Chemist: 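Below is a structure I'd like to ask you about.
Reckoned from all heavy atoms, side chains included, excluding hydrogens, waters and symmetry mates. Per chain, numbering begins at 1; letters A, B, ... match sequence-line order. In this text the structure is predicted, and so the values were computed from the model without any measurement.
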Amino acid sequence: MPPNTSEPLLELATCSISFGGLKAVDSFNLQLFPGELVGLIGPNGAGKTTVFNLITGVYKPSAGQIRFGGKLLNGKKPYQITACGLARTFQNIRLFGNLSVEENVKIACHLHYQTSLFGSVWKGKAYREEEARQHQKIESLLEVFGLKQLSREKAAGLPYGQQRRLEIARALATDPKLLLLDEPAAGANPQESRELMALIRWIKEKFKLTILLIEHDMQVVMGICERILVLDYGETIAHGKPEEIRKDPKVIEAYLGEEAV
Amino acid sequence: MKRLAAFIGFFLLFLLANRFLPEIIDPYYLHLFTLSCINVILAVSLNLINGTTGQFSLGHAGFMAVGGYTSASLTFYLGPKIIATLDFLPAILAKNFVFLFALLGGGLSAAFLGLLVGIPSLRLRGDYLAIVTLGMGEIVRVLILNVEAIGGARGFSDIPAYTNLFWIISLTALTIAAVASLTASSHGRAFLSVREDEIAAEAMGVNTTYYKVIAFVIGAFFAGMAGCLFGHYLQLLHPNSFTFLKSFEIIIMIIVGGLGSIFGAVVAAVILTLLPEALRYLGPVKDWRMVIYSLALIILMITRPQGLFGNWTPDFRRWWPFRKPQPVA
Amino acid sequence: MQEFLQQLVNGVSWGSIYALIALGYTMVYGVLQLINFAHGDVFMLGAFFGFYFSRWTKIAQEPTLFGFFATLLFAMAACALVGVIIERAAYKPLRERPRLTALITAIGVSLLLENGGQLLFGVDPKFFPSLISETRLYESANLVISNLPVIILVVSLALMLLLRFIVMKTTIGKAMRATAFNREAAALMGINTNNVISFTFLLGSALAGAGGILVALTYPKIDPLMGLLPGLKAFVAAVLGGIGNIPGAVLGGMILGVSETMVAGYISSTLRDAIAFALLVVILLVKPTGLLGSRVGEKV
Amino acid sequence: MRKWIIFGLALSLSAGCAKRDDVIKIGEYGSLTGTTATFGVSTKNGIDMATEEINAAGGLLGKKIQVIVEDDRGLADEAASAVKKLVTQDKVVAVLGEVASSRSLAGAPICQENKIPMVTPSSTNPEVTKKGDYIFRICFIDPFQGEAMAKFAFENLKVKKAAILKDSKNDYSVGLAQYFAETFKGLGGQIVAEESYFEGDQDFKAQLTSIKGKKPEAIFIPGYYTEVGLIARQARELGLNIPLLGGDGWDSPKLTEIATLKKPGDALKDCYFSNHYAADDPNPVIQDFIKKYKAKYEEVPDAMAVLGYDAAHILYDAIKRAGSPEGAKIRDELAKTANFPGVAGQTTIDSARNARKPLVVLKIGEGGAYEYMATVNP
Amino acid sequence: MTDNNFILEVKNLCVFYGGIQAVKDISFGIKKGEIITLIGATGAGKSTTLRAISGLLKPREGEILLEGRSLKNIPPYEVVKKGISHAPEGRKIFANLTVRENLELGAYLRRDKPAIGQDMERVFGLFPRLKERIKQNAGTLSGGEQQMLAIGRALMSAPKLLLLDEPSLGLAPLLVKAIFEVIKEINAKGVSIILVEQNAYQALKIAARGYVLETGKITMTVTAEDLVTNEELRKAYLGG
């Protein structure tokens with residue numbers, strides 16, 4: 001099944017977590033290889049976002065192991081996990097609403113910031129050089145996402161679609177190897193969805209990313225994912241190429257329904 | 001190099017101010033200026049915790065008290081000994097050296113308390129954090145009441161009058177400059193991200209734990225120095241000066257100024273220090289002073305809920321005449 | 001042993017006063033998420049309303065049970081009115097604003113009531129008439145139980161049950177909970193959220209008024225700043241129990257009262273407040289939402 | 001409109017008054033608002049009465065006295081602001097205030113620096129007058145009252161085991177308690193319990209229960225009447241029926257009013273406190289003062305009013321003797337004050353600028369009436 | 001536009017959020033018993049229009065007429081009384097209340113107990129899942145169940161006109177289908193419905209007309225037939 005036989009970039013082995021007795025994710029396994037674009041789908045409450053939260057350290061798994069590039073992620077804080085090269089977006093957009101577009105992205109750059117607290121108060125030469133470098137990086141990122149003209153706007157004031165894009169741009173500013181996208185197409189109309197698909201494909205090549213994607217929009221999922229995992233009630237019910245998933249009777253019954261095919 | 005020259009320039013300027021201002025300006029106005037500056041330091045430092053980092057702290061008076069009492073103990077008990085060993089220096093230098101030592105001692109002790117108070121902020125949010133910081137402040141006050149060596153309920157009197165205009169002006173300038181510079185840097189944006197959305201900040205690689213605690217530490221450090229200036233100005237520290245009402249006063253300043261705006265905090269600190277004093281000149285309705293003060297506060301909040309300056313900070317560099325012209329975007 | 005029992009009685013009766021005031025705090029907080037710092041001052045007004053009412057009506061001279069209830073009702077009604085006026089004038093314009101703004105306004109209202117009270121009632125303490133005279137319910141060499149603390153305890157518990165009933169079982173209670181959860185959605189249900197909020201203030205302030213009278217009976221020295229400290233402590237009690245939670249307010253009040261008493265009685269009376277606050281800090285560190293408070297975990 | 005014109009006229013008139021040279025300006029600072037406002041207001045009443053008396057009798061040095069009052073909200077930094085304003089803006093010739101030692105300590109250095117005499121009516125902390133030779137006090141200092149009551153308890157009441165309940169937030173109370181304990185132990189007595197409360201507290205049962213368990217024969221409560229009334233009630237409610245002792249902070253008509261269980265003042269029956277004067281003293285100075293005070297303020301004066309009244313009179317007397325509103329001269333005359341016939345006793349200022357005067361011990365009897373017990377000379 | 005058949009008419013509506021104009025001079029109408037749908041990209045002003053109708057936002061200009069009478073300056077809780085019920089975007093159910101209490105709140109203004117009971121049974125008829133969970137706190141429901149509850153709650157006020165804001169948002173395809181079935185069923189019982197949808201294809205299939213909004217303006221009025229005939233349209237807004 002895996003497209004190549006190299007070491008997996010991300011590996012979840014029998015991960016479980018429950019909330020108040022309810023198994024949200026049960027013995028979940030996932031192997032993600034460098035350069036892949038994998039989709040994670042399933043009905044509401046199936047535990048998709050929980051998987052993201054496990055990977056990014058928001059929740060601690062009650063059992064199982066999470067490895068990234070061979071390194072164990074269990075017990076690491078979210079910011080440490082991000083520092084390993086893992087970035088995400090959120091289902092309900094979580095931008096820094098009162099800050100400008102530029103500042104939003106700059107905060108994500110902070111991860112690789114060298115200047116000390118004192119240095120940034122004194123604002124010496126090294127500081128200014130670093131700020132300049134940071135500024136350049138951000139400029140080019142915003143350019144790519146078509147947000148450059150808006151860089152002084154308050155993030156909360158942007159239209160929804162641009163907020164979604166800004167969130168992805170912000171995640172990219174942490175220089176990730178793996179990008180986790182949580183329903184990037186939610187609320188987009190078909191036209192916007194198509195643009196988004198193109199964008200995702202493009203950044204994947206440009207930034208040499210591996211991408212894991214949660215999405216309800218079947219056009220997007222089927223259109224860009226190389227592999228798809230289907231979750232229901234915390235368990236993986238199907239796994240395969242898009243065309244296989246589309247025909248899987250279990251998936252149709254639990255999730256897709258007859259007509260959507 | 002230019003920066004260093006500017007520092008030396010300011011140093012000399014402040015020394016001159018210290019020498020000549022008292023002769024030009026009415027002592028009462030000088031007194032109000034001093035109190036305003038102390039409140040400016042308090043407001044700007046609290047603004048870093050409360051406005052920039054979004055940690056609702058009601059314990060600033062506690063930091064001020066710890067800084068004030070620590071520094072007063074240093075100058076009162078250790079000061080004479082240090083001055084005696086520094087007898088090769090002119091007396092005025094020795095005195096000011098002791099005061100610098102006391103300022104640092106006061107600031108650092110408050111910063112240590114800030115570290116202790118910062119730790120609960122990792123688990124607590126909003127009103128719960130507010131009440132814990134308030135509790136910490138009250139604990140500090142009650143403990144001070146119980147220590148006879150620093151005066152207990154009688155207050156710590158006979159503190160040497162080391163605070164002068166030079167220290168007042170330079171520490172106020174330092175506080176504003178340091179906090180403003182920090183806020184405008186990448187670290188400053190990390191503070192802001194904690195305020196805006198902690199979960200997203202963590203996901204973007206910001207160590208929110210570190211920034212929350214460090215905000216408390218830095219804020220407390222400056223508040224501690226303010227306490228030191230306060231004690232060595234009044235020559236007296238009394239536990240009653242550091243009740244939760246004092247913390248409320250500082251909170252009011254930063255919100256009236258506009259939460260998060262350093263410029264607003266400075267202006268509001270000055271206005272709110274001067275207002276009760278200005279109301280002394282009301283004449284026949286002088287008894288209504290505090291009623292008018294509280295009414296003014298309510299009306300201001302209703303008519304300008306975002307504070308006087310909202311989030312706005314003027315770009316002072318724009319007014320700097322020697323600035324390099326920037327390319328028009 | 002009897003001394004310990006006596007201290008327990010002292011603590012419970014002191015705690016029930018915290019509980020009584022904390023109930024009003026918690027009500028308002030539950031619906032508006034506003035720390036109504038003026039609550040302690042409305043409590044003070046309750047005592048003063050009762051004081052002047054009982055003097056003007058001459059109830060003070062010849063106390064009767066009827067007179068007591070008349071005074072109580074008058075104080076509750078007057079405080080309810082004041083509470084609604086405060087809400088409409090000072091808090092309502094800030095409803096859509098950040099909570100800190102409303103909090104500062106609340107501090108402003110509190111300062112206004114305190115300073116205005118000092119101008120209006122004078123700064124000297126007043127003696128509150130004994131509308132109900134102190135009698136001893138139980139007495140031995142080392143254990144005395146009087147009627148007033150028992151009355152306060154019973155009233156606090158009764159009010160707690162009543163409030164819980166109102167909030168959980170009645171239509172207005174449902175409307176209150178809906179308003180608390182999401183004001184806009186509540187309005188879409190046809191709930192006049194402004195009225196619901198005013199009603200909450202009315203209820204909370206009436207409670208404060210009743211508290212003022214009951215406390216003034218037991219501690220008959222009243223002055224315009226009498227609400228400051230009990231107000232703060234009651235707020236601490238409400239947070240301790242989990243703010244917004246009605247039984248939590250009573251539990252928090254009791255814990256605070258008993259622990260303060262025990263600390264003062266057995267450890268050190270100078271450290272009483274320090275230890276009370278230390279207890280608060282420890283409890284909140286262990287359970288960050290207070291003893292009975294619950295918070296729906298933030299959805300990521 | 002007319003109202004506004006009158007208001008404007010009144011304003012300009014009052015402003016005009018302030019500028020005239022035919023007044024002697026005296027500054028007064030005190031807590032007119034805040035938690036200790038009741039003491040500041042009483043003091044102000046006493047000062048106002050003394051001022052009116054002098055002005056009615058033709059004033060001082062041919063001029064009227066104008067007292068400029070500034071509120072300090074009970075805060076040390078505001079006290080400093082108030083004194084700074086009085087001294088440098090209003091250019092007062094002398095300052096009266098403050099009740100609390102902490103605020104006097106904040107104001108004193110400013111007066112000293114500007115060579116303006118300051119007379120505090122009731123700050124008992126010995127440190128206050130050590131601030132300089134322009135700072136005076138006309139009340140007892142802590143050791144005197146504490147020692148006197150300790151002696152009275154041990155010798156007159158034959159108490160061997162005493163307890164102390166002090167206000168830890170109040171330096172006056174802490175000071176008295178300290179000297180009481182030292183003297184009482186020196187005499188051979190035993191302090192079985194030392195408990196404390198904070199000004200503004202309402203419930204004292206925990207401390208009282210604990211004290212009760214130690215079985216003392218008397219409790220020394222050197223607090224203010226604002227709390228002592230409640231303490232007495234609660235002590236009796238707990239069945240603690242031993243004498244309570246206190247200092248001049250007790251002296252107020254409110255005390256016995258609050259300490260009422262069944263009959264007025266019954267919770268304090270057979271309790272003792274030290275005071276400046278006895279209300280039943282036939283001395284005309286005292287009787288006259290009480291009568292006039294009652295007529296003016298419709299209540300019985302408390303200790304603060306008496307001390308404010310005396311402080312003002314002692315200051316005015318010194319100005320009269322100095323013959324000039326000059327600070328140094330007033331200071332010299334204040335220092336020479338001897339056997340001034342104040343309401344609060346024959347006052348003499350000693351070389352440390354503290355007052356030396358006798359105190360009286362009063363007993364609270366039936367219906368809250370005070371009975372004279374003894375006079376103690378310094 | 002004086003047709004008395006219109007249950008609701010919107011005339012020249014302009015709505016501002018702060019300084020930003022979210023809705024620019026739009027007019028449309030819905031007849032008794034109709035379903036109409038507002039479609040368009042996020043931020044086009046669809047939700048804003050609904051919020052103006054239900055009184056949550058005050059229009060700066062224009063008129064909203066319910067059965068010929070203006071709704072100007074009528075607060076949201078009065079609008080409910082007049083027969084408009086709004087199931088807002090993001091469901092906004094009361095998570096700390098039980099399912100039953102949520103439904104009861106929907107009928108907050110009604111005093112006719114027996115009829116309320118009947119209506120509740122009807123809601124359970126439409127959504128049997130809700131009946132199973134009647135005593136649960138609404139916060140514990142899954143996303144789909146919460147959406148059912150939001151619609152059911154809106155029905156409890158026995159509205160003449162139902163405003164549904166993105167009922168299919170974030171739902172699995174299977175559930176989306178079910179929800180649209182229910183919407184048809186509700187309409188069949190005589191309730192007029194204004195439906196705001198991302199899923200324009202599904203929405204237009206059950207609606208009489210669709211109004212396409214673009215940056216606050218109505219740019220087109222479309223019907224289900226247009227899906228077949230207008231290629232441009234299909235590409236731009238309706239997908240596939």
Side-chain angles (χ1 to χ4, degrees), chain A residues 52-53 56-58 77-90 93-100 102-125 127 130-131 134 148-149 151-152 154-156 167 170-171 173-176 180, chain B residues 1-4 6-7 48 51-54 111 122 174-215 217-218 221-222 258-261 306 310-312 317 324 329:
Chain A
F52 269 28
N53 286 335
T56 54
V58 176
K77 295 249 176 66
Y79 77 92
Q80 291 167 323
I81 291 172
T82 309
C84 292
L86 240 148
R88 72 177 290 184
T89 66
F90 294 89
I93 304 177
R94 299 190 86 117
L95 289 168
F96 306 118
N98 290 313
L99 306 184
S100 72
E102 194 181 4
E103 283 172 314
N104 263 280
V105 186
K106 272 188 177 170
I107 286 167
C109 290
H110 185 68
L111 183 60
H112 304 291
Y113 201 69
Q114 303 292 330
T115 316
S116 67
L117 271 173
F118 184 76
S120 64
V121 172
W122 180 248
K123 297 207 180 341
K125 191 160 172 247
Y127 166 86
E130 179 156 34
E131 284 281 312
Q134 213 189 43
K148 200 176 166 192
Q149 271 70 41
S151 65
R152 302 271 156 154
K154 237 174 144 186
E167 228 196 355
R170 188 181 66 173
T174 64
D175 296 336
L180 307 173
Chain B
M1 216 48 219
K2 254 176 17 197
R3 224 166 275 264
L4 203 64
F7 260 79
L48 180 70
T52 310
T53 319
L122 308 181
L174 178 78
T175 308
I176 297 173
V179 173
S181 179
L182 184 63
T183 312
S185 74
S186 189
H187 290 285
R189 287 188 289 274
F191 286 124
L192 284 172
S193 73
V194 174
R195 176 188 82 188
E196 291 292 312
D197 188 330
E198 262 183 58
I199 288 170
E202 278 273 323
M204 290 309 118
V206 175
N207 184 349
T208 54
T209 307
Y210 172 77
Y211 282 101
K212 279 199 264 183
V213 173
I214 215 76
V217 168
I218 296 175
F221 177 76
F222 286 114
L259 198 60
S261 161
Q306 71 276 43
N311 229 333
W312 181 74
R317 276 172 303 180
K324 273 182 273 175

Chemist: So which part of A:A108 gets closer than 4.5 Å to some heavy atom of chain B, the side chain, the backbone, both or neither?
Modeler: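 Contact with chain B: backbone and side chain both.
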Chemist: For a quick test of reading the model, state the closest non-hydrogen atom pair linking B:I199 to A:F90 and the distance between them.
Modeler: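 In terms of heavy atoms, the two residues are closest at CG2-CE2, 3.8 Å.
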Chemist: Do you know which two heavy atoms are closest between A:S120 and B:S181, and how far apart they sit?
Modeler: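 Smallest heavy-atom distance, with atoms named: O-OG, 3.3 Å.
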Chemist: Taking only residues two or more places apart in sequence, or in another chain, which ones meet B:E196 in a side-chain contact (heavy atoms from CB on, under 4.5 Å)?
Modeler: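 Counting only residues at least two positions away or on another chain, B:E196 forms a side-chain contact (heavy atoms from CB on, under 4.5 Å) with A:F96, A:N98, A:L99.
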Chemist: Just so I understand: if I count every heavy-atom pair under 4.5 Å between each of B:I214, B:T183, B:N207 and chain A, which residue has the most?
Modeler: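 Looking at each of B:I214, B:T183, B:N207 in turn, B:N207 comes out on top.
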Chemist: Could you grab the distance from atom CD of B:E202 to atom OG1 of A:T82, nearest 0.5 Å is fine?
Modeler: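 Result: 7.5 Å between the selected atoms.
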Chemist: Checking heavy atoms, do the side chain of A:T115, its backbone, both or neither come under 4.5 Å from chain B?
Modeler: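 Contact with chain B: backbone only.
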Chemist: Look at the rings of A:H110 and B:H187 and say which category their plane angle falls in: under 30° parallel, 30 to 60° tilted, over 60° perpendicular.
Modeler: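 Rings of A:H110 and B:H187: perpendicular, over 60°.
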Chemist: Quick check on the interface: out of A:L111, A:T174, A:V121, who has the most heavy-atom pairs with chain B under 4.5 Å?
Modeler: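 Top option by heavy-atom pairs under 4.5 Å: A:V121.
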Chemist: Pick whichever of A:E131, A:K123, A:E103 has the most heavy-atom pairs under 4.5 Å with chain B.
Modeler: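 Going by pairs under 4.5 Å, I would pick A:K123.
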Chemist: Using side-chain contact (heavy atoms from CB on, under 4.5 Å) as the criterion, list what pairs up with A:Q80, not counting sequence neighbours.
Modeler: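 If we apply the side-chain contact (heavy atoms from CB on, under 4.5 Å) test to A:Q80, skipping adjacent residues, the hits are A:K76, A:K77.
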Chemist: Using non-hydrogen atoms and a 4.5 Å limit, figure out which bit of A:F118 sits close to chain B: side chain, backbone, both or neither.
Modeler: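 When you check distances to chain B, no heavy atom of A:F118 falls under 4.5 Å.
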Chemist: Identify which of B:G205, B:G188, B:S186 forms the greatest number of heavy-atom pairs closer than 4.5 Å to chain A.
Modeler: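 Most heavy-atom pairs within the cutoff with chain A belong to B:S186.
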Chemist: Please look at B:A201 and chain A and tell me whether the side chain, the backbone, both or neither of the residue comes under 4.5 angstrom of a heavy atom of that chain.
Modeler: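 When you check distances to chain A, atoms from both the backbone and side chain of B:A201 fall under 4.5 Å.
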Chemist: To check you understand the geometry: which heavy-atom pair defines the closest contact between B:R189 and A:Q134, and what is its length?
Modeler: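 Reported closest heavy-atom pair: NH2-OE1, 3.2 Å.
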